[in-house]
**Q** 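The structure that follows is given in the form of structure tokens.
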Amino acid sequence: MKNFQLNRREFLQSSSALVIGVSGILPSIEANAQNQAAPKVLGPNPSALDTWIKIGADGNVIINSGKMDCGQGLDVAYAMIAAEELDVPLSSVMVNFGDTRISANQGGGSASSGIRQGAVPIRNAAAEAKRILVGLASKELNTPVDQLQVVAGKVFNKNNPSQQITYAQLIGNKNFSTSLEWNKRIGNDMNVTGLAKPKSPSEYKLVGQSHGRRDILNVVNASEHFTAHIRPDNLLHARGIRPPVAGSSPIMIDEKSIASIPGVRVFREGSFVAVVAKTEWDAVRAAKALKIEWSEVNHPFPGGEKNVFNYIKDAKPTFTNAVPMFFGKKEFNAEPTLAALKTSAKVIEAEYFAPFQSHARFAPSCGVVDVKKDQTQIWTDTQKPHYQREGIAKFLKLAPETVEAKWMHGAGSYGRSDADEAPYEAALLSKCFGQPVRVQWSREEGTAWDPKAPAAIMSMKAGIGNNNEITAWLFKAKGFNGWDVKFNAESPEHTLVGMQTGHKKWTAFNFNIPEESYKFPNHVHWWETVPSYLNQASPLRTAHLRAPQEMQTRFAQECFIDEVAHATKIDPVDFRMKHIQEPREKDVLKAVADKFNWSTKTNRKSSGDLQVGRGVALYNGYQSYAAVGCEVEVNKKTGKIWVRQIVIAMDCGLIINPAGVNAALEGQIMQGISRALYEEIHFDENKVTSLDWNTYPIATIKDIPGKVDLILLNRPDKASGGVAEPGLVSIPAAIANAVFDATGVRIRQYPLGPERVKKALMV
């Protein structure tokens, strides 16, 4: 085990320096929170029932959501919730997503909030709509409300069923003109309530039943409309040109070098250079042919990726959460833990390492923007169209109410990816040239220049007493800032082109610590962030990747749990059960162990070059609980790991659509395997060298597990939790624990690629 040193004196010196260093930031954070008390509303008023729901002359129901659906089947879940409350057929409910013209800002896609937060106002609005409709029917039918019943959008007299009227007859194509109580919050926390009380789960007929996604057919037959398909009249195509060395700027541009390509024009502002043309191919050719002299930059990434973890270790922290504002009235105090470690009979310690990772969207960023005198239209596949609308308005110095963003389907998302980048560039170019502009990033740009998941080192120590009891537990994460650029692009400084055109990057800091309910004596955990290599327009700028900074921290925590269990000669599942406090965490872990017949498992099964082992890991977040168990096969000769079996037990409270939860977990399995076994950004001293699927490989069909078991623990008495991330987080740790079980070798860095595995097995 690799040692790391942290004594009492060093900790106190580091901590005090950090508190002094950030003291000037804390008042501004508090002031910003106070300033957000009365948010400004752009677009439809959240307190209007008509903002959320419409009923057409044909009786069909339209739900307007400020969220978006990046392949999770959220449209079906929302339709189920609305149909349940309104008592209409599921097939009659359609959902519009992320159109700033017709929907309120619910924060877009983030934090597994689609159901746990985004569905709440929809449920409340639908319940209120039904209350109003039944009231209208009562007047029309001259029948008391308590004698009326609704079936399939028809209101009828229970004592005289022939006396009936439809929703369409009552209000088709008309407004409800009814106010709701709005909680005055913008974003994920937005909620509205009416006088109606939504149904109890015991009354549900639709919710809890499985329904398939609606968009599959259109995807399969290629009729789905993506952002990349948008072609307004008079369209110009554009390509940005990236510097060969990160941080360099153009000194001289030779426009004559592309004179042979008709109609091409060159744009430059600050260090951003682009070409526009009437055809896409001409824009591609011009971008490759344009000769530019770039300024010299002295190795922006000293030592390249080989030095990244030394850089993190040696860097002076920019911020830490080990300050009072993060702990309420109780100040952070590591002294009891350090003292307990010093007096422990034995101390187990280890460091875990996580690399930079790319969002690596299947199709890189694309944006189409039409800037006109009085109106600007954006077509985008960002996760947060309302914030992008505000950011582009600020970027172009336009009145935000004159800018509209329409969310479109895109090929991949999850986190602060490159999705916001091309629309910003298209907006700048459209304003300059007076025509709609389409910017399409390349594969190279999408991997090399997108915001990255931050690299980090997690340092851990556990004290063990004479009777193998835990006496102390210390967790410290130190890594690049998770908020190097913001999780939504509400301002140009959070985008590449914004920084290239002079907008200075913001100053805010974020990382992560584990939040599972393990209870250890003298338990302390905290994080620190380190300075970015390059402060402006960096290809290694960091931001949210799916389950932000949670994969890094859970990889360390859940692997170290196994290390300590092994050192104390306790089974890893039994060790977790002993220290977990939350019953729902115990339930998901037990479900996985039971499915694996864990009590009868045999360690280190071998057959020639193949070794087989099992591992588990746990996660608690987004109001959900997930446990993952893996059985892996390790090829000693090739270093290749194959997941023979994976089991995920999920407790996400009330389940709306079991088929949707299963599909979300299946997607997380493949992305989790990909990030655990393959994904790692490579870079030298000057630039990112991961440019394509060869230099940044991802999981393929060959990596599909041999067997998948998904166990859903439905809890109708609990609020619905997030589903989009909890299963993903623990997969690298479960795989690494299974590799140790198979080989007896602990690998403390992901991805566990063949070369890293072979090297570890030779030690």
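Values in this document were obtained by computation on a predicted structure and should not be read as measured data. Note that these values count all heavy atoms, side chains included, but never hydrogens, waters or copies made by symmetry.
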**Q** Should K476 and M460 be marked as a side chain to side chain contact (heavy atoms under 4.5 Å, CB included) after you check the CA-CA gap, both sets of side-chain angles, and the distance that decides it?
**A** CA-CA 6 Å; K476 173 190 172 186; M460 303 196 65; over 6 Å; no

**Q** Side chains of K384 and S110: does their closest heavy-atom pair fall under 4.5 Å?
**A** yes

**Q** Could you tell me whether the side chain of Q500 reaches within less than 4.5 Å of the side chain of R242, counting heavy atoms only?
**A**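 Of all side-chain heavy-atom pairs linking Q500 with R242, at least one is under 4.5 Å.
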
**Q** Check the side chains of T495 and D420 for a donor-acceptor pair under 3.5 angstrom, ignoring hydrogens and angles.
**A** no

**Q** In Å and rounded to the nearest 0.5 Å, what is the CZ to NZ distance from R389 to K394?
**A**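 Going from the CZ atom of R389 to the NZ atom of K394 covers 12.5 Å.
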
**Q** Give a yes-or-no answer on whether the side chains of E679 and Y696 include a donor-acceptor pair shorter than 3.5 Å.
**A**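 Yes, a side-chain donor-acceptor pair sits under 3.5 Å.
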
**Q** Run the salt bridge (Lys or Arg N to Asp or Glu O under 4.0 Å) test on E444 and K687 for me, step by step, so that the C-alpha distance in whole Å, both residues' side-chain angles and the decisive distance to 0.1 Å come before the verdict.
**A** CA-CA 12 Å; E444 177 178 335; K687 61 187 180 300; over 6 Å; no

**Q** Tell me if a side-chain donor or acceptor on S674 pairs with a main-chain N or O of M670 at a distance below 3.5 Å.
**A** no

**Q** Going by side chain to side chain contact (heavy atoms under 4.5 Å, CB included), S430 matches just one of T376, V439, V437, V276. Which one?
**A** V437

**Q** Just say parallel, tilted or perpendicular for the rings of Y352 and F560, cut-offs at 30° and 60°.
**A**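 Rings of Y352 and F560: perpendicular, over 60°.
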
**Q** Taking atom types as modelled, is there a side-chain donor on E725 or S112 under 3.5 Å from an acceptor on the other?
**A** yes

**Q** I'd like to know whether L429 forms a side chain to side chain contact (heavy atoms under 4.5 Å, CB included) with L236, so could you lay out the CA-CA distance, the side-chain angles of the two residues, the decisive distance to 0.1 Å, and finally the verdict.
**A** CA-CA 9 Å; L429 295 169; L236 293 174; over 6 Å; no

**Q** Is it the case that the side chains of T320 and E528 hold a donor-acceptor pair, with the cut-off being a distance below 3.5 Å and no angle test?
**A**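 No, no side-chain donor-acceptor contact under 3.5 Å.
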
**Q** If you round to the nearest 0.5 Å, how far is SG of C70 from CG of D381?
**A** 10.0 Å

**Q** Any chance you could lay out the side chain to side chain contact (heavy atoms under 4.5 Å, CB included) test for N307 and F301, step after step, and finish with the verdict?
**A** CA-CA 9 Å; N307 193 53; F301 311 134; over 6 Å; no

**Q** Under 4.5 Å between any side-chain heavy atoms of Q388 and I378, yes or no?
**A** yes

**Q** Determine yes or no for a side-chain-to-main-chain donor-acceptor pair under 3.5 angstrom, with E493 supplying the side chain and H503 the backbone.
**A**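 No; zero donor-acceptor contacts below 3.5 Å.
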
**Q** Is there a side-chain contact between I230 and R438 in this structure, where contact means two heavy atoms from C-beta onward sitting under 4.5 Å apart?
**A** no

**Q** Roughly how far, to the nearest 0.5 Å, is CE of M68 from CH2 of W407?
**A** 5.0 Å

**Q** Among side-chain atoms of E425 and W441, is any donor-acceptor pair under 3.5 angstrom?
**A** yes

**Q** Give a yes or no on whether the backbone of G247 and the side-chain of Q536 come within a donor-acceptor separation of less than 3.5 Å.
**A** no

**Q** Give a yes or no answer on whether the side chain of R268 reaches the backbone of G270 with a donor-acceptor pair at less than 3.5 Å.
**A**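 Side chain of R268 to backbone of G270: a pair is present.
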
**Q** Taking the inter-plane angle between the rings of F332 and W526 on a 0 to 90° scale, is it parallel (under 30°), tilted (30 to 60°) or perpendicular (over 60°)?
**A** perpendicular

**Q** Counting only N and O atoms by type, is there a donor-acceptor contact under 3.5 Å from the side chain of S690 to the main-chain atoms of T695?
**A**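 Present.
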
**Q** Does the side chain of P250 reach to within under 4.5 Å of the side chain of S271, using non-hydrogen atoms?
**A**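 Side chain of P250 against side chain of S271, heavy atoms only: contact under 4.5 Å found.
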
**Q** For the backbone of K452 and the side chain of T542, can you confirm whether one donor and one acceptor N or O come within less than 3.5 Å of each other?
**A** no

**Q** For the backbone of K291 and the side chain of S257, can you confirm whether one donor and one acceptor N or O come within less than 3.5 Å of each other?
**A**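 Side chain of S257 to backbone of K291: a pair is present.
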
**Q** Do the side chains of R756 and E680 get close enough for a salt bridge, i.e. N-O under 4.0 angstrom?
**A**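 Salt bridge between R756 and E680, a charged N being under 4.0 Å from a carboxylate O: yes.
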
**Q** Any side-chain donor paired with an acceptor under 3.5 Å for S532 and K505?
**A** yes

**Q** Could you check if a side-chain atom of V739 sits within less than 4.5 angstrom of a side-chain atom of I641, using non-hydrogen atoms only?
**A** yes

**Q** Could you give the distance from CG (N488) to OG1 (T382), rounded to the nearest 0.5 Å?
**A** 8.5 Å

**Q** So does A733 get a backbone contact from the side chain of E558, meaning a donor-acceptor N/O pair under 3.5 Å?
**A**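 Side chain of E558 to backbone of A733, a donor-acceptor pair under 3.5 Å: no, none is there.
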
**Q** We want to know whether S442 and E445 form a side-chain donor-acceptor pair, criterion being a heavy-atom distance below 3.5 angstrom.
**A**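 Yes, because at least one side-chain N or O of S442 sits under 3.5 Å from a partner of the opposite role on E445.
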
**Q** Using a distance-only test with no angle check, is there a side-chain donor-acceptor pair under 3.5 angstrom linking Q552 and N512?
**A**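 Distance-only check fails for Q552 and N512.
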
**Q** Are side-chain N/O atoms of S417 and D450 paired as donor and acceptor at under 3.5 Å?
**A**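 The criterion, which ignores hydrogens and geometry beyond distance, is not satisfied for D450 and S417.
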
**Q** Below 30° counts as parallel, above 60° as perpendicular, anything between as tilted: where do the rings of W506 and W483 land?
**A**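 Rings of W506 and W483: tilted, 30 to 60°.
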
**Q** Does the side chain of D418 come within less than 4.5 Å of R361's, by heavy atoms?
**A**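 The answer is yes, as the side chains (C-beta and beyond) meet within the 4.5 Å cut-off.
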
**Q** Can you find a heavy atom in the side chain of K478 that is under 4.5 Å from one in the side chain of S459?
**A** no

**Q** Whether the side chain of R546 engages the backbone of A724 through a donor-acceptor N/O pair (distance < 3.5 Å, no angle test) should be reported.
**A** yes

**Q** Can a donor-acceptor pair be found between the side chains of R675 and Q357 at a distance below 3.5 Å?
**A** yes

**Q** What verdict does the ring-ring contact (aromatic ring centres under 6.0 Å, His included) test give for F353 and Y750, after you've listed the backbone C-alpha separation in whole Å, the side-chain angles of each residue and the deciding distance to 0.1 Å?
**A** CA-CA 7 Å; F353 304 89; Y750 70 87; over 10 Å; no

**Q** In sequence, state the C-alpha distance, the side-chain angles, and the governing distance for E490 and K486, and then conclude on salt bridge (Lys or Arg N to Asp or Glu O under 4.0 Å).
**A** CA-CA 8 Å; E490 63 182 10; K486 198 172 184 181; 2.3 Å; yes

**Q** Rounded to the nearest 0.5 Å, what's the gap from CG on L496 to OG1 on T501? Could you check?
**A** 9.5 Å

**Q** Counting N and O atoms only, with roles assigned by atom type, does the side chain of Q668 sit under 3.5 Å from a partner on the main chain of L728, one being a donor and the other an acceptor?
**A**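 Answer holds: yes.
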
**Q** Can R746 be said to sit on top of F740's aromatic six-ring, NZ or CZ under 6.0 Å from centre and within 45° of the ring axis?
**A**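 Yes.
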
**Q** Distance from R239 atom CZ to D282 atom CG, nearest 0.5 Å?
**A**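 Separation between the atoms: 11.0 Å.
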
**Q** Apply the test side chain to side chain contact (heavy atoms under 4.5 Å, CB included) to residues T529 and F480: give CA-CA distance (whole Å), side-chain angles for both, the deciding distance (0.1 Å), then the verdict.
**A** CA-CA 5 Å; T529 54; F480 288 91; over 6 Å; no

**Q** With a 4.0 Å cut-off, would you call E280 and R285 a salt bridge?
**A**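 No.
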
**Q** Flag yes if more than 12 heavy atoms outside E296 fall under 6.0 Å of its CD atom; otherwise flag no.
**A** no

